[in-house]
Amino acid sequence: MRIDDAALGPGIPDPAIRTTCPYCGVGCGVLATPDGKGGAAIAGDPAHPANLGRLCSKGSALGETLGLGSRVLHPLKRNAAGGYDRVTWELALDAVAEGFRSLIRREGPEAVAFYLSGQLLTEDYYVANKLMKGFIGSPHVDTNSRLCMSSTVAGHKRVFGSDTVPGNYEDLDSADLIVLVGSNTAWCHPVLFRRIQQNRSERGAKVVVIDPRVTATAEDCDLVLQLKPGSDSVLFAGLLVHLAEHSLTDATYLARHASGFEAVLENARGIAPDIAAVSARTGLSTAEIAAFYALWAGTPAVVTAWSQGVNQSAQGTDKVASILHCHLATGRIGRPGGGPLSLTGQPNAMGGREVGGLANMLAAHMGYSAVEIDRVRRFWNAPSMAQHEGLKAVAMLDAVADKRIKALWVMATNPAVSLPRADHVMAALRGLDLFVVSENVLSNDTLAAKPHVILPAAAWGEKDGTVTNSERRISRQRAFLPLPGEVRPDWWIICEIARRLGFAAGFGFADASEIYAEHAALSAFENDGTRDFDIGAHAGLTKRGYDALRPVQWPVPAGQSQGTARLFANGGFFTPDGRAQMKPLAMPALAAEPSEAFPLLLNTGRVRDHWHTMTRTGLSPRLSAHVSEPSVHVNPADAVRFGLEEGGFARIANAHGAVVLKVLRDEGVPAGSLFAPIHWSAETASDARIGAAVQPFCDPYSGQPEMKATPSSVAPVSYASQGFVLSREAFALPAGSWWASVAVEGGQGRLFATDASVDDLMAAVRSAFGEDGLTEMIDRQGGAYRCAVTRDGRLIAALFVGPSGRAPLWDTVKLAFADAGLAPENRLALLAGRRLDGAADPGPTVCACFGVGLNAIRAAFASGGAMTPEDIGRQLKAGTNCGSCLPEIRRIGAQSRETVAA
Ligand SMILES: Nc1nc2c(c(=O)[nH]1)N[C@H]1C(S)=C(S)[C@@H](COP(=O)(O)OP(=O)(O)OC[C@H]3O[C@@H](n4cnc5c(=O)[nH]c(N)nc54)[C@H](O)[C@@H]3O)O[C@H]1N2
Ligand SMILES: Nc1nc2c(c(=O)[nH]1)N[C@H]1C(S)=C(S)[C@@H](COP(=O)(O)OP(=O)(O)OC[C@H]3O[C@@H](n4cnc5c(=O)[nH]c(N)nc54)[C@H](O)[C@@H]3O)O[C@H]1N2
Ligand code: SF4
Ligand SMILES: [Mo]
């Protein structure tokens, strides 16, 4: 398929296809140029308004994730022995349909559920939702967006009356103040972060970062507010009081477009009567608070943007509402340069909200009122409408555990890793009567819970449909690769099941464009301006029109040729009286306070170059080089208090589960907290599935779990030795070893720690590779051992282990391993740890795009030749492509200046 250039903007090289990045909610446009061999060259799309040609490190490395080695390519059915047989689609689909049919007949529709994902396309989501809520008649459809966006949805609905994002990214280009709340934008929305930084350096826009932890985002800002976990709503309630007391509210806007302001202000005064009270509850100094309030109050063009530090909390809905209140009170909403902006996580978090993928929504931003149920029933011609809200993710899995739900179909998410209390989830999944998973990969933790049927789904590059980014912009994802093996798009799989359940008439879609057109028609059905989500202009879209669809911001009602950049500047809320409805904050407490047994709050989140459970980014050596192993970040004072050594290991435990992680001292983590990444799973590490140690407590309104503050204990764990193994063939570490796997050029890497002796390791090496071509350095007394295995002049494995500290020479040997033709005479040099080209050990990668290591950047700063990140860019190229590493380069520069000064 070739898209008409004229329709889509400036010319692009001939075989390139315009699509969108499958990672974060920035929703960057991508130009993919297939190489004809299953791969593709990837570049940013200069014509896409979300990124204007930029990509971050993850987007730039998409080409490295297209391989088929880890893909599931055929339908698989579990056999009596617990293994899997390859079966035909007919057989797999019949088995799934028959399983659902018999359970529904026996137990009723509410015994079955779907668990979906913000990584599905809108069209996949639409048919899944329609099948369950309109035809099977069960309301139990929820999605991983429950863990991600649901507090924002609840906050928007509470205050605006609808789940509407008022502003857009362009606002960042005219805002004079950008406040980032609970968002590590530098790592999680890097392209937007660069846009923010550009506005800071070129126009002098101020940036404030509000996070209990000092992150890479805080490296480049004007004010860092390191508040106590969970206290954001107190800070914003205090801001509202400040605005009122300084007569800075917009009385005209409030009078015309909002109700409930007086009650909200009184409530805010109760929570945060003055700056001293805010200081006591947030832990911030009165000077910091005063500075923030003065800045916010005095800057009309202000964007307040937030992400998981706001959403994933027991008070998430309140936190969102407290931010919205301040914007409403000042009328700073829907105007260029001003407004609240929720940064969504997944590429199609918004699309899922639009179709009704959340258990408390029905469809097309409609809920479960009798009128809405009837309207959707008539539109769908649905035989069996769900009549009430369904179970939200955590409650859904509890219902699976106690067998109220007996059949579950999981699509495009890895709940055995990402849900709280992941061990409990794993056990619950194993107990299902019917467990179906639609997946891209052959192996992950959810698949380890042994679904009865595994359905091979099309992956990015193969699928066709639409996604909606954080600024309401609907963009096409377009296929640029053929469907490999027998994989099929998710929507096709769902429609085939619907057909087999007797619902052919409602699901006879020939392609994704027909589904989109129906979704658009539903959004406009009996709407007449009463519902925010209206894309009626696309209701009659043909396949050709769909293929040529340019990125557009909803609403786009019928008859409107352009999208809508902003909403609510002049009111027009989607409530009966057209006013926003401010309501007092409810102030739920932290889910759980620290205790003697569990004295530290475990905070969890993301690293720059990995995506979620690493099923894709874990395939890229470039991305795996930035943060290669799962660590727990600990404040140095806590490290001393709990006897944790840098480079050693720690066991983090609580009533829900435990993990063992590498210890990293981090001044940015406040005392009393721990921070651990979410990315590692049982698939990629021995003991690092952090979800196992996350509590299942949820915000009472949104049902979103508190994933940033689980009271936990921490204790040191020691191993006799640490090392790494690089291998082109399978290699089993001695039992009981701690390990984390790392994608490397040319094979598989594992960082490990073990109590096994040198002799045990030598035996393991011999059993895997034999003695031919084995060169060793053995130091039994010193507990050190190094070996290299060559075959036909090619290095096929290397194992280095030593008594303590960082895995020795990992970066050097990894480079040698990538060079397949290591000559036998160089083996000894390799074991001695010399780089074969004589250069120094590069150290861990900082710049993923150009593979520039920490040591090179340090050296450039230390020599005095480089003073700024720009100098580093000129000397080493680091930071000159995607720019995701600029905050780190700046920090390395600052550290080296401190070293010199000391
Ligand atoms: N590299 C990368 N980028 C991603 C993703 C990824 O996996 N990797 N995933 C995408 C997805 S789905 C999502 S949802 C987004 C998430 O994007 P972010 O929300 O930016 O990422 P997190 O690291 O989950 O959490 C953000 C911050 O919240 C802080 N925080 C914790 N508690 C509180 C609190 O009480 N108040 C405040 N103010 N802050 C708090 C944490 O310290 C953390 O730094 O990222 C998206 N982008
Ligand atoms: N402790 C803690 N837990 C968290 C979070 C946190 O901050 N802390 N964050 C939460 C958030 S915000 C999120 S969004 C979740 C993310 O958590 P998950 O959704 O569980 O993580 P992913 O690794 O993205 O899982 C996606 C799975 O779907 C597959 N897949 C990808 N694309 C497709 C497709 O098109 N079709 C099909 N059928 N399969 C596909 C992938 O191979 C992968 O196995 O984690 C949540 N869990
Ligand atoms: S910022 Fe990066 S991960 Fe997010 S959409 Fe853009 S390229 Fe993809
Ligand atoms: Mo997310």
Side-chain angles (χ1 to χ4, degrees), residues 22-26 56-58 70-72 117-121 124 143-149 180-190 209-218 225 227-232 235 306-313 315 319 343-347 349 410-420 422 437-441 444-447 455-460 462-463 489-490 493 590 601-617 668-669 673 675-679 681 690-691 693-694 704-710 884:
Y23 296 126
C24 84
V26 177
C56 75
S57 47
K58 292 181 297 300
S70 61
R71 291 287 299 280
V72 55
S117 159
Q119 291 165 78
L120 290 170
L121 302 178
D124 306 325
T143 136
N144 63 0
S145 285
R146 180 68 54 198
L147 318 177
C148 181
M149 299 314 312
L180 300 169
V181 197
S183 164
N184 188 5
T185 330
W187 283 10
C188 296
H189 298 93
V209 176
I210 304 178
D211 192 316
R213 189 169 68 105
V214 178
T215 61
T217 306
L225 298 179
L227 81 185
K228 282 190 194 158
S231 65
D232 306 68
L235 183 67
W306 68 89
S307 196
Q308 298 314 335
V310 167
N311 293 328
Q312 284 172 347
S313 38
Q315 333 72 26
K319 288 185 181 179
L343 300 177
T344 54
Q346 298 177 92
V410 172
M411 301 179 207
T413 175
N414 193 358
V417 183
S418 55
L419 273 168
V437 175
S438 298
E439 248 305 333
N440 289 161
V441 297
N444 69 15
D445 289 24
T446 299
L447 295 172
L455 302 168
W460 185 75
E462 303 148 11
K463 18 185 231 182
D490 286 290
I493 302 172
L590 256 194
L601 288 178
L602 172 64
N603 177 6
T604 59
R606 289 148 173 84
V607 304
R608 191 189 76 194
D609 287 353
H610 276 306
W611 175 261
H612 296 171
T613 69
M614 288 173 28
T615 57
R616 282 173 289 177
T617 51
V669 171
S673 279
F675 177 81
I678 61 171
H679 307 289
S681 63
I690 199 73
V694 173
Q704 178 155 358
E706 161 71 83
M707 294 176 133
K708 301 277 191 243
T710 305
S884 303

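In this text, all values refer to a predicted model and were calculated from it rather than measured experimentally. Both counts, for ligands and for their atoms, begin at 1 and track the order of listing.
Applying the 4.0 Å criterion to heavy atoms of S183 picks out, from ligand 1, the atoms 20 (O). Listed by atom number, the atoms of ligand 1 under 4.0 Å from K58 heavy atoms are 1 (N), 2 (C), 3 (N). Those atoms of ligand 1 with a heavy atom of T215 less than 4.0 angstrom away are 44 (O). The R608 neighbourhood of ligand 1 comprises atoms 1 (N), with distances under 4.0 Å to a heavy atom of that residue. Applying the 4.0 Å criterion to heavy atoms of P212 picks out, from ligand 1, the atoms 30 (N), 32 (N), 33 (C), 34 (C), 36 (N), 37 (C), 39 (N), 40 (C). Near V607, the atoms of ligand 1 lying under 4.0 angstrom from a non-hydrogen atom of the residue are 1 (N), 2 (C), 8 (N). For ligand 1 and R213, the ligand atoms under 4.0 Å from any heavy atom of the residue are 42 (O), 43 (C), 44 (O). Close contacts of ligand 1 with K319, meaning ligand atoms under 4.0 Å from a residue heavy atom, involve 34 (C), 35 (O), 36 (N).
An N or O contact shorter than 3.5 Å is missing between F675 and ligand 1 by distance. Backbone and side-chain nitrogen or oxygen atoms of D609 are examined, and none is located within less than 3.5 angstrom of a nitrogen or oxygen of ligand 1. Taking any N or O of S231, backbone or side chain, none lies under 3.5 Å from an N or O belonging to ligand 1.
When heavy-atom distances to ligand 2 are checked against 4.0 Å, the residues falling inside are Q119, N144, L147, C148, Q308, Q312, Q346, A412, T413, N414, S418, S438, E439, N440, V441, N444, A457, A458, K463, D490, T604, R606, W611, H612, T613, T615, I678, V694, M707, K708, ordered by chain and number.
Taking every heavy atom of both residues into account, Q119 and P347 meet most closely at CG-CD, 4.0 Å.
Listed by chain and number, the residues in a salt bridge (charged side-chain N to carboxylate O under 4.0 Å, His left out) with R606 amount to none (sequence neighbours excluded).
Residue contacts with ligand 1: S313 is excluded, as none of its non-hydrogen atoms falls under 4.0 Å.
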